[in-house]
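Below is one structure; the comments refer to it alone.
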Amino acid sequence: MSTVPTAETDIYARRESAVRSYCRSFPVSFARAEGATLIDADGNSYIDFLAGCSSLNYGHNDPDMKAALVEHIQRDGIAHALDMHTEEKAAFLAAFEHHILHPRGMEHRVMMTGPTGTNAVEAALKLARKVTGRRNVIAFTNGFHGMTLGALALTGNAGKRAGAGTALPDVTHLPYENSLGEDVDTLELIETLLTNPSSGIEPPAAFVVELVQGEGGLNAASCEWVQGIARIAREHGALLIVDDIQAGMGRTGSFFSFDHMGIEPDMVTLAKSLSGFGLPFACVLVRPEHDIWKPAEHNGTFRGNTHAFVTARVALEKFWADDTLRNQIALKSQVLEERLNTIAARIEGARIKGRGMMRGVDVGSGELAGRICAEAFRHGLVIETSGAHDEVVKVLAPLTIPMEQFRQGLDILEAAVETLVPFPVAAE
């Protein structure tokens with residue numbers, strides 16, 4: 001595989017900020033993409049197991065979404081409308097209501113926010129504090145919720161937090177399930193702290209939680225733990241906010257990560273694959289009794305993306321009108337689990353983590369995980385790491401990837417591990 005041409009390398013080094021990251025792991029210039037395939041400027045093909053960090057759950061350039069978007073643009077459809085009414089927004093809301101909310105008995109309203117996940121988290125925090133009159137928010141170890149200051153205060157990663165350059169107040173971080181070991185009941189610990197008037201923890205406005213921690217290492221909460229957090233939040237007068245930005249839109253098996261868990265969050269933050277096409281689009285689902293905003297009390301120039309409304313509607317109608325996609329995810333999830341178990345067996349102490357099509361292997365070392373991903377990329381697979389020490393090799397293949405190509409990608413991953421770990425060894 002070739003690297004980026006010198007002229008392009010020069011312009012990036014000369015003009016692009018040093019904060020750039022993914023391009024350092026994948027030093028080629030990508031030119032085209034289709035489905036689960038990326039093609040670089042030299043014509044080399046790569047299987048995409050990153051999918052825009054789960055922003056492309058339906059793959060690159062879905063033909064039906066693309067056709068609808070091209071038709072909208074060619075007829076001079078609205079490109080930007082602030083938060084005004086448009087046919088495209090109404091069609092998206094109707095499809096979301098019909099295919100997602102009504103089947104689940106959810107009466108939540110849809111709050112359009114700025115275009116990225118962190119904007120949705122910021123809006124949810126503001127609203128929770130407004131509803132409850134409290135400031136403190138409960139977040140969890142290894143959580144990641146965004147890079148703006150409010151969302152960053154919820155985020156646990158020390159490196160990300162250090163970039164703030166200022167204090168990140170009004171958040172209490174409590175242990176996620178199994179974060180203190182499987183023999184420690186973190187629900188009991190959390191309940192004890194919150195009921196102790198001398199714990200030093202202020203009454204919370206909300207609990208903000210990912211049910212599978214994407215950047216935190218694919219830690220997956222059990223149904224029992226999730227129900228326990230929902231109960232504790234309710235008993236303490238706090239709102240439950242589920243961050244489904246990465247784990248939602250089918251990534252864990254159904255549209256929401258909390259489907260079939262017997263809870264109904266007060267708010268849900270959505271972004272990433274919400275548009276279906278990789279276009280910026282984020283929102284907060286809000287129970288009606290909490291929708292106490294005054295007009296324009298929380299606003300922004302890009303509240304809703306009209307082009308994203310077009311593609312998001314198509315995604316809902318194409319993939320969520322029946323159980324076809326869900327059944328495909330279930331089958332691929334089983335294949336993924338089996339293959340990752342085989343890979344994990346090569347490294348003593350390694351284990352698979354996550355749920356559905358949001359899984360990976362904790363290889364025990366960020367150095368080893370990085371080498372595995374680099375070796376896989378040399379052979380045509382785009383894949384990244386996650387976790388507190390980047391120790392998890394994370395598979396985020398498009399949910400729509402053809403099974404044959406999916407197996408090919410897993411073959412490349414397994415071969416990379418075999419190259420670097422020719423015989424089973426203890427994790428570092």
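When a residue number appears, it is its place in the shown sequence, counting from 1.
Put simply, the side chain of Val137 does not reach to within 4.5 Å of the side chain of Thr172, judged on heavy atoms. Considering only heavy atoms from C-beta on, Asp244 comes within 4.5 Å of Ser257 through its side chain. At least one side-chain heavy atom of Ile138 sits less than 4.5 Å from a side-chain heavy atom of Ile201. For the pair Thr269/Thr113, no side-chain contact is recorded, criterion being any heavy-atom separation below 4.5 Å from C-beta on. Using a 4.5 Å cut-off on side-chain heavy atoms (C-beta onward), Leu410 and Phe49 make contact. Side-chain contact between Tyr12 and Cys23 is absent, with no heavy-atom pair separated by less than 4.5 Å. Using a 4.5 Å heavy-atom cutoff, the side chains of Leu101 and Glu107 are not in contact. Looking only at side-chain heavy atoms (C-beta outward), Pro103 and Ile100 stay at 4.5 Å or farther from each other.
Between the side chain of Gln213 and the backbone N or O of Thr141 there is at least one donor-acceptor pair closer than 3.5 Å. Arg251 places a side-chain N or O within 3.5 Å of a backbone atom of Met357 that can act as its donor or acceptor partner. Using a distance-only test at 3.5 Å, with no hydrogens or angles considered, no donor-acceptor pair links the side chain of Asn196 to the main chain of Leu193. With hydrogens and angles disregarded, a donor-acceptor distance shorter than 3.5 Å links the side chain of Ser273 to the backbone of Asn57. Side-chain atoms of Asn136 come within 3.5 Å of backbone N or O of Glu202 as a donor-acceptor pair. Between the side chain of Arg346 and the main chain of Val421, a donor-acceptor pair closer than 3.5 Å is present. Not a single donor-acceptor pair under 3.5 Å links the side chain of Arg407 to the backbone N or O of Val335. Side chain of Ser199 to backbone of Leu194: no donor-acceptor contact under 3.5 angstrom is found. Side-chain atoms of Arg326 do not come within 3.5 Å of backbone N or O of Ser254 as any donor-acceptor pair. A donor-acceptor pair under 3.5 Å links the side-chain atoms of Asn61 to the main chain of Ala33, judged by distance alone.
Surrounding CZ of Arg15 are at most 12 heavy atoms belonging to other residues, nucleotides or ligands under 6.0 Å away. Counting heavy atoms of neighbouring residues, nucleotides and ligands inside a 6.0 Å radius, atom CD of Glu224 does not exceed 12 of them. Residue-environment remark: CZ (Arg104) exceeds the threshold of 12 foreign heavy atoms within 6.0 Å. Around atom CZ of Arg135, no more than 12 heavy atoms belonging to other residues, nucleotides or ligands sit under 6.0 Å away. Residue Arg351 places its CZ atom among 12 or fewer non-hydrogen atoms of other residues, nucleotides or ligands, all under 6.0 Å distant.
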Identify all side-chain donor-acceptor contacts of residues 89-99 below 3.5 Å with residues at least two apart in sequence or on another chain.
residue, atom, partner, partner atom, Å
Lys89, NZ, Asp83, O, 3.0
Lys89, NZ, Met84, O, 3.4

Contacts under 3.5 angstrom, residues 277-285 side chains, donor-acceptor by atom type, not counting sequence neighbours:
none

Going by atom type alone, with no hydrogens or angles, which donor-acceptor pairs under 3.5 Å involve a side-chain atom of residues 158-169 and a protein atom two or more places apart or on another chain?
residue, atom, partner, partner atom, Å
Arg161, NH1, Leu152, O, 3.4
Arg161, NH1, Ala153, O, 3.0
Arg161, NH1, Thr155, O, 3.0

Would you be so kind as to tabulate the donor-acceptor pairs closer than 3.5 Å made by side chains of residues 180-189, with sequence neighbours excluded?
residue, atom, partner, partner atom, Å
Asp185, OD1, Leu187, N, 3.1
Asp185, OD1, Glu188, N, 3.1
Thr186, OG1, Trp225, NE1, 2.9

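With sequence neighbours excluded, the residues satisfying ring-ring contact (aromatic ring centres under 6.0 Å, His included) with His80 are Phe302. Shown here are the ring-ring contact (aromatic ring centres under 6.0 Å, His included) partners of His307, two or more places apart in sequence or in another chain: His72. Residues passing the ring-ring contact (aromatic ring centres under 6.0 Å, His included) test with Phe30 are Tyr46, sequence neighbours excluded. Among residues two or more places apart in sequence or in another chain, the side chain to side chain donor-acceptor pair (under 3.5 Å) test is passed with Asp362 by none. Checked against side chain to side chain donor-acceptor pair (under 3.5 Å), Asp322 has the following partners two or more places apart in sequence or in another chain: Thr324. Contacts of Glu88 classified as salt bridge (Lys or Arg N to Asp or Glu O under 4.0 Å), with partners at least two apart in sequence or in another chain: Arg75.
For the atom pair CG of Leu274 and CE of Met249, the computed distance is 5.5 Å after rounding to the nearest 0.5 Å. Taken to the nearest 0.5 Å, the NZ atom of Lys332 stands 7.5 Å off from the CG atom of Leu399.
Taking all atoms of both residues into account, the shortest heavy-atom contact from Leu211 to Arg355 is CB-NH2, 4.1 Å. Across all their heavy atoms, Tyr22 and Cys53 have their closest contact at OH-SG, 2.9 Å.
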Derivation of the salt bridge (Lys or Arg N to Asp or Glu O under 4.0 Å) call for Glu122 and Lys126: CA-CA 6 Å; Glu122 295 285 353; Lys126 285 175 64 174; over 6 Å; no

Test side chain to side chain contact (heavy atoms under 4.5 Å, CB included) applied to His108 and Glu264, step by step: CA-CA 10 Å; His108 292 63; Glu264 184 174 279; 3.6 Å; yes

Test log, rule side chain to side chain contact (heavy atoms under 4.5 Å, CB included), inputs Asp62 and Lys318: CA-CA 10 Å; Asp62 174 88; Lys318 179 174 181 177; 2.7 Å; yes

Stepwise salt bridge (Lys or Arg N to Asp or Glu O under 4.0 Å) check, Lys394 with Glu215: CA-CA 9 Å; Lys394 180 171 65 172; Glu215 301 307 306; 3.0 Å; yes

Check against side-chain hydrogen bond (donor to acceptor under 3.5 Å, both in side chains), Thr342 and Glu414: CA-CA 8 Å; Thr342 299; Glu414 186 170 352; 5.5 Å; no

Worked check of salt bridge (Lys or Arg N to Asp or Glu O under 4.0 Å) between Lys66 and Glu34: CA-CA 11 Å; Lys66 180 170 63 177; Glu34 180 181 0; over 6 Å; no

Full working for side chain to side chain contact (heavy atoms under 4.5 Å, CB included) between Thr400 and Leu325: CA-CA 8 Å; Thr400 55; Leu325 180 63; 4.3 Å; yes

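Residues Thr37 and Ser45 bring no donor and acceptor atom of their side chains to less than 3.5 Å of each other.
The aromatic rings of Tyr58 and Phe319 sit parallel, their planes meeting at an angle under 30°, below the 60° perpendicular limit.
Looking at Arg371 and Glu375, no side-chain N of the basic residue comes within less than 4.0 Å of a carboxylate O on the acidic one, giving no salt bridge. With salt bridges taken as basic N to acidic carboxylate O contacts below 4.0 Å, one links Glu191 and Arg231.
Residue pairs meeting the salt bridge (Lys or Arg N to Asp or Glu O under 4.0 Å) criterion with at least one partner in residues 289-298, sequence neighbours excluded, are Arg109-Asp291, Lys130-Glu297, Arg287-Glu289. Note on residues 305-316: pairs passing salt bridge (Lys or Arg N to Asp or Glu O under 4.0 Å), not counting sequence neighbours, are Arg313-Glu317.
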